[in-house]
Each structure stands twice: as C-alpha cells, then as structure tokens.
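Presented below is the structure to which this report refers.
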Amino acid sequence: MNYEYYKIFYYVGKHKNITKASAELYSSQPAVTRAIQKLESELGCRLFMRNKNGVEFTYEGKVLHEYISIAHSYISKGEEEVKHAIDVETGTIYIGASVTSLHEFLFEFINMFKAKHPKVKLKINTGSNNSTVERLRDGIIDIAFVSTPCNNTKNLRLTTVHTFRDILIAGNNYSYLKNTVLQLKDISDYPIVSLRHSMQLRQFLDEVFISNNLTFSPEIEADGADLIVPMISNNLGLGFVPQSMAKSAIVRNRVFEVPLDYTMPTRQINMIVDPRHPQTRASIEFVDMVNQYLKQQNGNTDNQPY
C-alpha cells in the first residue's frame with residue numbers, strides 16, 4: 001500500500017481539481033495525475049471523472065474518499081497533539097455542537113474556558129444531532145454537545161449539562177396575540193414554521209402534539225434550527241424555539257413570546273464523549289472544567305464523571 005497515493009487522492013478529492021491539489025501538495029500536475037492513475041490501477045476501478053471545472057468522484061471514489069477523510073482527520077489531529085503534547089495550553093479541541101447546544105450552554109461556557117486557557121484553540125463544527133454523534137464515533141471530533149431528543153448514543157458517555165424549555169414565538173404582524181393565551185389546539189389556526197420531519201427537534205414537537213391528541217403540521221420547514229427565528233421575525237408564521245435562541249430577537253422587538261396555557265416538556269443539553277477514542281490533554285481539561293462547573297452549579301449531581 002502506497003500511502004502517498006492516498007494523500008494525493010485526498011487532496012484531489014478535497015479540491016475536485018488537480019491544479020489546486022498540485023499547488024497545495026507542492027507537486028506538479030503530471031505527478032499528481034500519475035499517482036491517481038497508479039492508485040486506480042491498484043484498486044481496479046476509476047476514482048475520478050473529468051468535467052469542465054476539474055474532476056468529480058465516481059461512486060467508488062466517493063466511497064473511498066469518505067474513509068480517507070476520516071483517516072486524514074485522525075492523522076492531522078495526531079500530528080497537532082504530538083506537537084503540543086508538552087503543554088495543555090497550546091492544544092486544540094475539536095468540538096461538535098448542535099445550534100441549540102451552542103445557544104443554551106456552549107457560548108457561555110467557552111467564554112469561561114477561554115478566560116482560563118486563552119491559548120487553547122477551539123475548532124467547532126455545527127450540525128444536526130445525528131451527524132454530530134456520527135463525527136464523534138468516527139473520531140473526527142473530541143467532544144459532542146447535542147440537545148435531546150438524540151438517538152444513536154449507545155456505548156457513549158453522556159453528561160447532562162443543561163435543562164431548558166422551548167417557547168412559542170411570533171413576529172410583529174401577530175402582535176394581537178401578545179395578550180392572548182393560546183391552547184395547543186389553537187396553534188393549527190396559524191401558519192407554523194419548524195424543522196423538516198426527519199430532524200429530531202421536529203420529532204419532539206410531533207410527539208408533544210400526538211400526546212395531546214393533536215397533529216403538528218408546519219407550512220414552512222427549515223433545514224436548520226438557526227433559520228427558524230429569522231423566518232419568524234419576517235412574519236412567516238409562529239414557531240417553537242429554545243428561549244435562548246429567541247432572546248436577542250425578543251430584546252430587539254423582532255419577535256415576542258406567545259403565551260401558552262400548556263407547559264412544554266423540558267429538554268436537555270448533553271455532553272458526549274466516546275471512550276473508544278483517545279482524548280487530547282486540552283479536551284480532557286475542557287471536560288473536567290465542565291464537570292467542575294456542574295458541581296458548582298448543582299452540588300454533587302448524578303452526572304457521570306469523565
């Protein structure tokens with residue numbers, strides 16, 4: 001196995017362009033092309049097809065690149081950690097987070113962590129709960145922060161770091177609702193903005209309504225939680241969001257909380273680590289600080305220590 005071929009393959013796939021890959025590798029275009037051809041010959045299949053902008057993956061190339069990207073991430077993290085192994089203060093922490101967890105917990109906690117460890121680098125990747133957990137399992141990130149509900153956490157170590165509730169908000173075109181207490185069944189009388197059905201916050205809302213013998217039927221569905229408040233502030237409808245995500249828009253009078261006669265169930269933000277993967281000294285310090293913070297906030301909790 002020639003690992004250099006796979007390195008070249010990774011960069012060609014990253015840029016979808018042999019010229020750009022050659023520049024990043026400080027190599028010539030013919031050398032990069034020959035390496036790809038030799039790798040294709042060894043594997044017995046085509047990995048790229050040319051197009052007018054450069055190259056695109058074949059099916060086999062796309063599958064292979066997904067695995068090579070994980071390996072490249074491991075190698076990059078390993079190199080960086082070795083360089084800074086002597087001093088925790090010069091390490092890097094790879095964090096995966098849902099948008100909700102950022103607003104409900106992480107933004108505030110990161111400020112506290114950086115005040116104590118200003119030289120530690122944080123690389124934060126946002127995404128859905130499921131994709132964040134998958135990146136954790138693949139070893140691409142060190143720590144995940146996701147909101148409930150969250151599936152696929154078997155054999156992972158979870159710590160609940162925060163509890164919160166969602167609120168119903170509306171834009172100023174619906175200001176007549178400010179002094180009206182709605183029942184859940186009344187919400188169907190208005191256009192609703194929410195996430196698409198496959199996302200877990202949407203599934204949570206579906207279950208809340210089903211448990212009350214109601215149907216939750218949004219007129220507008222978004223691909224990310226960070227889109228909901230802007231849509232509602234532009235008067236596209238009513239919607240449920242965590243209170244912290246709506247706070248800024250409420251302060252600026254772009255949206256307001258619609259009174260409900262129903263108390264929404266609580267949800268949690270969970271910190272997750274995968275015990276199968278090694279932690280950097282910096283990420284261990286981050287987790288330890290979270291646990292110390294929880295003890296200060298709540299006394300001795302039932303959370304599992306890291």
Open item on the list: How close do Asn155 and Pro275 get, counting heavy atoms only, and between which atoms?
Closed with: O-CD, 3.6 Å
Open item on the list: Return the CD1 to CG distance between Ile95 and Asn125, rounded to the nearest 0.5 Å.
Closed with: 11.0 Å
- [ ] Drop me the distance from His162's NE2 to Tyr293's OH, to the nearest 0.5 angstrom.
- [x] 8.5 Å
Open item on the list: If you define the side chain from C-beta out and look only at heavy atoms, does anything of Leu64 sit under 4.5 Å from Leu43?
Closed with: yes
TODO: Please determine if Asp274 and Arg157 form a salt bridge, counting it only when a charged side-chain N lies under 4.0 Å from a carboxylate O.
DONE: no
Task: Lys178 and Glu257 ion-paired at < 4.0 Å - done: no
Task: Any donor-acceptor pair under 3.5 Å from Asp186 side chain to Gln183 backbone - done: yes
Open item on the list: If we ignore hydrogens and angles and just use 3.5 Å, is the side chain of Asn17 paired with the main-chain N or O of Thr19 as donor and acceptor?
Closed with: yes
Task: Sole residue of Thr100, Asp166, Thr163 in side-chain hydrogen bond (donor to acceptor under 3.5 Å, both in side chains) with Arg267 - done: Asp166
Open item on the list: Testing the basics here: between Ser283 and Asp142, what is the closest heavy-atom pair and its distance to 0.1 Å?
Closed with: CB-CB, 3.9 Å
Task: Donor-acceptor pair, side chain of Asn270 and main chain of Ile272, under 3.5 angstrom - done: no
Open item on the list: Could you tell me if the side chain of Asn129 sits less than 4.5 Å from the side chain of Ser147, heavy atoms only?
Closed with: yes
Open item on the list: Quick check against the 3.5 Å criterion: does Ser69 have a side-chain atom that pairs as donor or acceptor with the backbone of His65?
Closed with: yes
Open item on the list: Please check if the number of heavy atoms outside Arg276 that lie under 6.0 Å from its CZ is greater than 12.
Closed with: yes
- [ ] Take Phe109 and Phe286 through the test ring-ring contact (aromatic ring centres under 6.0 Å, His included) and record every step on the way to the result.
- [x] CA-CA 10 Å; Phe109 183 80; Phe286 192 95; 5.1 Å; yes
Open item on the list: When you measure from the side chain of Glu219 to the backbone of Ile192, do you find a donor-acceptor pair of N or O atoms at a distance under 3.5 Å?
Closed with: yes
- [ ] Give the minimum heavy-atom separation between Phe48 and Glu40, together with the two atoms involved.
- [x] N-OE2, 3.4 Å
- [ ] Supply the atom-to-atom distance Ile93 CD1 to His117 NE2, rounded to the nearest 0.5 angstrom.
- [x] 8.0 Å
Open item on the list: Could you check whether any side-chain heavy atom of Glu134 comes within less than 4.5 Å of a side-chain heavy atom of Asn130, counting everything from C-beta outward?
Closed with: no
Open item on the list: Does any part of the side chain of Thr92, heavy atoms only, come nearer than 4.5 Å to the side chain of Thr280, both counted from C-beta?
Closed with: no
TODO: Check whether any side-chain N or O of Ser128 sits under 3.5 Å from a backbone N or O of Ser131 as a donor-acceptor pair, and report yes or no.
DONE: yes
Task: Value rounded to 0.5 Å, distance of OH in Tyr59 from CG in Leu47 - done: 13.5 Å
Task: Residues Gln268 and Thr160: side-chain donor-acceptor under 3.5 angstrom - done: no
Task: Minimum-distance pair of heavy atoms, taken over all atoms of Asp223 and Leu195 - done: C-CD2, 4.4 Å
TODO: Using atom types as modelled and distance alone, determine if a side-chain donor or acceptor of His197 lies under 3.5 Å from a backbone N or O of Gln203.
DONE: no
Task: Gln243, CD: over 12 other non-hydrogen atoms inside 6.0 angstrom - done: no
- [ ] Flag yes if more than 12 heavy atoms outside Asn179 fall under 6.0 Å of its CG atom; otherwise flag no.
- [x] no
Open item on the list: I'd like to know if the side chain of Asn173 and the backbone of Asn235 have a donor-acceptor N/O pair within less than 3.5 Å.
Closed with: no
Task: Exam field: side chain Ser233 to backbone Val255, donor-acceptor pair closer than 3.5 Å - done: no
Task: Arg202 side chain reached by Glu221 side chain, heavy atoms, under 4.5 Å - done: yes
TODO: Return the minimal non-hydrogen interatomic distance between Lys114 and Val120, and the atom names on each side.
DONE: NZ-O, 2.5 Å
TODO: Evaluate the salt bridge (Lys or Arg N to Asp or Glu O under 4.0 Å) criterion for residues Glu24 and Lys14: first the C-alpha distance (whole Å), next the side-chain angles of each, then the deciding distance (0.1 Å), finally the verdict.
DONE: CA-CA 11 Å; Glu24 187 161 357; Lys14 173 185 174 183; 3.2 Å; yes
TODO: Please assess Arg254 against Asn172 for the test side-chain hydrogen bond (donor to acceptor under 3.5 Å, both in side chains), listing each intermediate value before the final yes or no.
DONE: CA-CA 7 Å; Arg254 296 295 308 276; Asn172 290 323; over 6 Å; no
TODO: Identify the two heavy atoms, one from Met245 and one from Ala225, that lie closest to each other, and give their separation to 0.1 Å.
DONE: CE-O, 3.3 Å
- [ ] Measure the CD-NZ distance between Gln29 and Lys20 for me, rounded to the nearest 0.5 Å.
- [x] 12.0 Å
TODO: Please assess Tyr11 against His72 for the test ring-ring contact (aromatic ring centres under 6.0 Å, His included), listing each intermediate value before the final yes or no.
DONE: CA-CA 10 Å; Tyr11 281 102; His72 182 270; 5.7 Å; yes
Open item on the list: Run Met271 and Phe105 through side chain to side chain contact (heavy atoms under 4.5 Å, CB included) and show every step you take.
Closed with: CA-CA 10 Å; Met271 175 177 69; Phe105 178 78; over 6 Å; no
Open item on the list: I want to check something: taking the side chain as every heavy atom from C-beta on, are Phe164 and Met264 in contact at a cut-off of under 4.5 Å?
Closed with: no
Open item on the list: Keeping Ser211 on the side-chain end and Val208 on the backbone end, is there a donor-acceptor pair under 3.5 Å?
Closed with: yes
Task: Any Ser98 side-chain heavy atom under 4.5 Å of Leu102 side chain - done: no
TODO: Any chance you could measure Tyr67, atom OH, to Tyr6, atom OH, to the nearest 0.5 Å?
DONE: 13.0 Å
Task: Side chain to side chain, Val241 and Ile169, heavy atoms closer than 4.5 Å - done: yes
- [ ] For atom OH of Tyr176, decide whether the heavy atoms of other residues, nucleotides or ligands shown that lie under 6.0 angstrom number more than 12.
- [x] yes
